[in-house]
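Following: one structure in structure tokens, then a few remarks.
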Amino acid sequence: MKKDFLSLYDLEKSDFEEIFQRSESLKQKARDGILYTPLAGKTLGMIFDKSSTRTRLSFEVGMFQLGGIAMFLSRRDIQLGRGETIADTARVMSRYLDGVMIRTFAQEWVEDFAANATIPVINGLTDLLHPCQIISDLFTIIERKGRYEGLTVAYVGDGNNIANSWINAAAKLPFALRLACPEGYDPDEAIFKRGVAEASHGVFLFREPANAVAGADVIYTDVWASMGQEAEQEERNIIFKDYQVNSQLTAYGGKDALIMHCLPAHRGEEITDDVLDGPHSVVIDQAENRLHVQKAVMEILIGGRKIQ
Ligand code: CP
Ligand code: NVA
């Protein structure tokens with residue numbers, strides 16, 4: 001693994017496998033009530049520029065369970081918010097902390113921070129990517145389906161940070177990815193082109209949601225307006241109306257297709273209640289697994305005592 005966890009595209013297949021294996025072991029330890037504290041004495045800083053429920057909770061609880069502590073650092077309350085440079089902040093924080101998790105707008109901001117930090121930096125969501133979410137979702141798929149190899153994941157909705165991270169994962173791992181996005185709301189062009197060129201099982205973009213969902217093993221969606229796009233919500237509700245994941249659309253999926261959503265959901269917009277709460281939905285497992293998978297990422301990157 002590299003020093004930082006900024007994009008799934010930076011991971012090799014063996015890195016994914018190591019994280020999945022450690023996640024399973026850490027989840028089992030938690031289930032068995034085994035105290036396992038390889039990060040005792042370590043501190044994680046968490047810089048938040050956007051709201052969060054799952055990401056904050058899973059990093060904070062995860063760090064505590066691994067024996068360390070996590071500090072919530074809102075940009076408003078640190079000198080960064082008053083103009084201290086990213087580089088100076090990164091250099092200073094590297095002298096106190098053992099790792100930093102950042103949730104912000106620009107991916108470049110996180111990369112700039114990481115380039116100036118001597119400690120591991122983890123991307124907790126940017127406008128472009130959400131790697132912690134998708135690696136954790138792959139772990140949920142493995143739990144439910146026993147594998148990800150050879151499966152087809154259908155993503156319906158906005159070509160946002162979640163879609164882009166799915167493409168990065170498909171570029172590295174042998175599963176097929178079918179996206180359905182309205183025109184003008186495609187994933188990042190460079191990430192998409194690279195994904196199409198490099199994915200062993202293919203990355204495909206459709207306009208018609210039913211074409212993406214046909215026979216799929218996983219049906220995934222996310223909000224139509226992401227954090228920072230609230231002003232576009234009404235306009236998007238009209239543009240995306242045919243991209244709702246409802247029982248009519250899921251009927252095109254495979255018989256036991258998993259219904260996935262990173263949450264938070266806008267119920268009645270991108271997904272209906274009956275589908276989100278239905279028997280094929282694994283959204284609460286997805287939320288739980290953020291904890292176990294991020295513990296694995298922190299254990300590997302921040303180190304500490306020998307992994308057991
Ligand atoms: N899925 C996710 O990242 O949730 P939060 O925004 O609540 O952290
Ligand atoms: N695409 C969403 C994901 C939230 C976890 C957003 O960026 O707001």
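All figures in this text were calculated on a predicted structure; none of them were measured in a lab. Remember, it's 1-based here, ligands and their atoms both numbered in the order they're listed.
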Taking side chain to side chain contact (heavy atoms under 4.5 Å, CB included) as the criterion, tell me which of Asp49, Ile86, Val110 meets it with Ile102.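 Exactly one pass, corresponding to Val110.
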Work out whether the distance between some heavy atom of Leu125 and some atom of ligand 1 is less than 4.0 Å.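 Leu125: no contact with ligand 1 (<4.0 Å).
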Is ligand 1 less than 4.0 angstrom away from at least one heavy atom of His130?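 It does; at least one heavy atom falls under 4.0 Å.
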Exercise: do [X] and [Y] side chains pair donor with acceptor under 3.5 Å:
{"X": "Gln79", "Y": "Asp88", "result": "no"}
{"X": "Asp112", "Y": "Asn116", "result": "yes"}
{"X": "Thr221", "Y": "Glu270", "result": "no"}
{"X": "Asn161", "Y": "Gln107", "result": "no"}
{"X": "Tyr155", "Y": "Asn160", "result": "yes"}

Only heavy atoms of Asn161, strictly under 4.0 Å: list the atoms of ligand 2 that pass.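 Answer, ordered by atom number: 1 (N), 2 (C), 6 (C), 7 (O).
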Can you sort out which atoms of ligand 2 are near Leu263, meaning under 4.0 Å from one of its heavy atoms?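 In order of numbering, the contacting atoms are 5 (C).
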Check each of Asn160, Leu125, Thr55 against atom 4 (C) of ligand 2 and report the one with the nearest heavy atom.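 Checking each option, the heavy atom nearest atom 4 (C) of ligand 2 is found in Leu125.
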Compare Arg103, Lys50, Met227 and give the one whose heavy atom is closest to atom 6 (O) of ligand 1.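 Nearest heavy atom to atom 6 (O) of ligand 1 lies in Arg103.
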What protein heavy atom sits nearest [atom], and how far away is it?
{"atom": "atom 3 (C) of ligand 2", "result": "Asp222 OD2, 3.6 Å"}
{"atom": "atom 8 (O) of ligand 2", "result": "Met227 N, 2.8 Å"}
{"atom": "atom 4 (O) of ligand 1", "result": "Arg54 NE, 2.9 Å"}
{"atom": "atom 2 (C) of ligand 1", "result": "Arg290 NH1, 3.3 Å"}
{"atom": "atom 7 (O) of ligand 1", "result": "Thr53 N, 2.7 Å"}

Should Arg103 be counted as touching ligand 2, given the test is an N or O pair under 3.5 Å?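 Such a contact does not occur with ligand 2.
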Taking only Lys NZ, Arg NE, NH1 and NH2, and the carboxylate oxygens of Asp or Glu, determine whether Asp217 and Arg147 approach each other closer than 4.0 Å.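 No.
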Salt bridge or not between Arg207 and Asp186? Use side-chain N to carboxylate O under 4.0 Å.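 Looking at Arg207 and Asp186, the cut-off is met.
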Heavy-atom contact under 4.0 Å between Asp127 and ligand 2?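 Not so, Asp127 does not reach ligand 2.
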Sub-4.0 Å atoms of ligand 1 with respect to non-hydrogen atoms of Gln133: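 By the 4.0 Å cutoff, the relevant atoms are 1 (N), 2 (C), 3 (O).
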Only pairs at least two apart or in different chains count here, so list each salt bridge (charged side-chain N to carboxylate O under 4.0 Å, His left out) that has a residue in residues 153-180.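 Listed once each, the pairs are Asp158-Arg236.
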